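For reference, the structure is listed below as structure tokens.
The sequence lines fix the lettering, A, B, ..., with proteins before strands; numbering per chain opens at 1. Please read these numbers as outputs of a predicted model, since none were measured by experiment.
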There are 2 protein chains.
Amino acid sequence: MMNTTLKLLAQQLQLSISTVSRALKDHPDISTATKEKVHALANSLDYEPNAYAIQLRTQSSKIFGVIVPAIANLFYDSFIAAIEEESRKNGYALMILQSSNNTENELNNLKIFRQNRVSGVFACLSAHTQNLEVYEKMSDRAIPVVFFDIVPKDNKYTKVRMADERCAIIAAEKIIERGAKRVLAIFGDPALSISQKRKQAFQQFMEKYAAKTHCTYINTHSSAEAEAAFDKHFNKSQKFDTVFAMTDEILIGVMKSIQAHNIKVPKEIGVISISNGFIPSLYHPVISYVETSGYELGKLAFVQMLANIKGGKTLSELTVDAKFVEGESM
Amino acid sequence: MMNTTLKLLAQQLQLSISTVSRALKDHPDISTATKEKVHALANSLDYEPNAYAIQLRTQSSKIFGVIVPAIANLFYDSFIAAIEEESRKNGYALMILQSSNNTENELNNLKIFRQNRVSGVFACLSAHTQNLEVYEKMSDRAIPVVFFDIVPKDNKYTKVRMADERCAIIAAEKIIERGAKRVLAIFGDPALSISQKRKQAFQQFMEKYAAKTHCTYINTHSSAEAEAAFDKHFNKSQKFDTVFAMTDEILIGVMKSIQAHNIKVPKEIGVISISNGFIPSLYHPVISYVETSGYELGKLAFVQMLANIKGGKTLSELTVDAKFVEGESM
DNA sequence: TTCATTTATGCAAACGTTTGCGGTAAATTT
DNA sequence: AAATTTACCGCAAACGTTTGCATAAATGAA
């Protein structure tokens, strides 16, 4: 069965293509009578405008591109879910590509986006991407880019991210409130700016407001490493009374060790983490955490994108604030 | 900066558009000399073909549509990751929309896909979608549809899914091997065909091969319900020695109760579930599970799609087999 | 030299829209 | 009755490609 086009409708109705086109979009030039006829036939023939023709003609695509390191990720998938919702509301669709934290993939993805003339792209930098000239290329093409989560340092870009320092500080506050004496603070890959920021903020805050509290700082690269590290440190004579996990990954490792040794939470040890919320809810008792919502970040990113498209430039950096979610682990 | 087009290249080189077009795609008609000149200029001017024009002209889009109930889901996001990988390899991009298990959204999504003339769609039915005529409309438009996971009953569709019955049977086998005497088997929403299939297969197998084993079957709709159910049943005088969780969601509930009561796994109770693998690995001891890989399913779905596009019809139903992954909980 | 063939290139239509401009008839005003 | 306005509608170009066909030049065969 053929696709019905404006031409077809026009022929059947003995009208010109332009009239049909205008009738379909309620142009005031067209009489109500014709409009009705056109709509009727369009419905019965199941007319659906060809997006490509429109995009070619109007030079705008109603599609956003999204680059994430990985789709299968608790944080990014909620980010995606958020912009998907907003996009739909605003008549946009999403094209999602994953970089697998690989700069080459990132480049290819951008290329696909350019070729498809997307209206904008949401980009999360790969861990080790340094060269941003590809993104300049997007700007040359007047395609706005909103960076999220892992963002470039340069202030000429539009970016949204979590309030990383705030997260760490909130966690520190809670730890101090608890009256912790000895805390083990576990952070992620030290090469990542997010690890650096969180660690620095945490450490600074602790030193300033709880100088007497004894803190041990370590970095790990995986769940398993975190588990091993916790194991090792917990077996020492001086036991920790509180552990802080910078990410879900780390929390998972810590909790495995805690379960393995049947350590009582929060009696023997207090646990606090930074998380999206899903993982902390898996355990009993439910873990207290500082919330970093990919969902919220997505909403914010979308607002920025829209502003960028409509109004022009918004070269600021916005952050979504963090809040403490009380569990039973502290 | 203007987008460079074939026309622009042609002008600058004093060639016709068609020559440039052909040169760019290594058409044998074009002399090596011109080819080189064209490529050189195209590179320096950063030419990138306009996908819309191509699609309009060729009536084919190099884009696949994907409908999932939710992106933020352990199973579906690994499915998506798989088809994303394959798509990229084959020069396709993905357009991903979520139905939120809502039939109306599903319809809208399909519409967007039609308007964008996607080359094919991967669809997971919403829980309560009955009317499939929208999908017929896709076929009318010669857009192949590969259903996955939640698939229609009718055999005229192309579908891939997990071997649901097999999963349940493998679990049952392991439970029998363990020499279980009293098992609590918890299934999901009884309205879902997947729950029905798994339950039926499980029950039948147990009755046939372990008639003396006492099984209690229950259905739950959420993690919290599963937790409550486990709580309730475990407090009875006759304790279960094994629990089977049909999904991650259920397992999560069960494990919370187990942690809360500090029940020893596997000594006091054996645990087995059906899962993607992520959740079972979170606990200590690591939970044994029957693997249903969204990733594998994605790969399979893609193969089907390609066959459908290239060869013509492939109206079969394919399933990806399940395998047991040994943890320490049995 | 002449005709046939190969090699290299250009012409123009088509894909399905949108939209500025112009046109005609009817309705309204002088 | 003539002039002007209003209400509808159509023409045609443009968006950037692809591709069948025609054309011109260069080569080969006779």
B:Ile54 CD1 to C:dG16 P, in whole Å, measures 17 Å
Testing D:dC15, D:dG10, D:dT17 for proximity to the side chain of B:Lys7, the answer is D:dC15
A:Asp77 meets the side-chain hydrogen bond (donor to acceptor under 3.5 Å, both in side chains) criterion, sequence neighbours left out, with none
Regarding the side chain of B:Ser16, the nearest nucleotide among C:dT17, D:dG10, C:dG10 is C:dG10
request  = Assess the pair B:Phe122 and B:Phe64: is the distance between their ring centroids shorter than 6.0 Å?
outcome  = yes
Distance-only donor-acceptor pairs under 3.5 Å for side chains of residues 65-73 of chain A, two or more places apart:
residue: A:Asn73; atom: OD1; partner: A:Phe75; partner atom: N; Å: 2.7
residue: A:Asn73; atom: OD1; partner: A:Tyr76; partner atom: N; Å: 3.0

Winner on side-chain proximity to B:Ile17, out of D:dT17, D:dG16, C:dC15, is D:dT17
In whole angstroms, the gap separating C1' of C:dG10 from CD of B:Gln11 amounts to 15 Å
ask   = What do you reckon, are the aromatic ring centroids of A:Tyr135 and A:Tyr157 less than 6.0 Å apart?
value = no
B:Lys37 NZ to C:dA8 P, in whole Å, measures 13 Å
N/O contacts under 3.5 Å, protein versus nucleotides 23-27 of chain D?
none

Are any side-chain N or O atoms of B:Ser100 and backbone N or O atoms of B:Asn102, one a donor and one an acceptor, separated by less than 3.5 Å?
no
Expected list for residues 108-121 of chain A near DNA chain C, using heavy atoms below 4.0 Å, is none
Taking C:dC15, C:dT9, D:dT17 as options, the one with an atom nearest any side-chain atom of B:Leu6 is D:dT17
Sugar-phosphate, base or nothing in reach of B:Ser18, heavy atoms under 4.0 Å
base
Do side-chain atoms of A:His27 reach the backbone of A:Ala23 as a donor and acceptor pair under 3.5 angstrom? no
- Query: Can we say A:Glu86 and A:Lys89 salt-bridge, meaning some charged N sits less than 4.0 Å from an Asp/Glu carboxylate O?
  - Reply: yes
query = Quick one: is B:Gln59 getting a side-chain N or O under 4.0 Å of the C:dG16 phosphate, OP1 or OP2?
reply = yes
A:Glu36 CD to D:dC8 C1', in whole Å, measures 16 Å
Atom CG of B:Leu56 and atom P of C:dC15 are separated, to the nearest Å, by 9 Å
Exercise. Please determine if a side-chain N or O atom of A:Thr34 lies less than 4.0 Å away from the OP1 or OP2 oxygen of D:dC9.
Key: yes
Check whether NZ of the Lys or CZ of the Arg A:Lys159 lies under 6.0 Å from the centre of the six-membered ring of A:Phe147 and within 45 degrees of that ring's axis. no
| Backbone N or O of B:Ile54 within a donor-acceptor pair of the B:Thr58 side chain at under 3.5 Å? | yes
The correct set of residues in residues 19-30 of chain A placing a heavy atom under 4.0 Å from DNA chain D is A:Thr19, A:Arg22, A:Asp29, A:Ile30
Ranking D:dT17, D:dC15, C:dG16 by distance to the side chain of A:Thr5, first place goes to C:dG16
- Query: Sub-3.5 Å donor-acceptor pair from the side chain of A:Gln304 to the main-chain atoms of A:Thr158, do we have one?
  - Reply: no
Between CG of A:Leu15 and P of D:dA7 the distance, given in whole Å, is 20 Å
Comparing A:Ala53 with B:Ser31, nearest DNA chain C nucleotide closer to 5' gives the residue B:Ser31
Practice item. Would you indicate whether A:Lys35, at its atom NZ, is surrounded by more than 12 heavy atoms from other residues, nucleotides or ligands within a distance under 6.0 Å? Key: yes
To the nearest angstrom, the OH-P distance between B:Tyr52 and D:dC15 comes to 18 Å
Sorted by chain and number, sequence neighbours left out, ring-ring contact (aromatic ring centres under 6.0 Å, His included) with B:Tyr295 holds for none
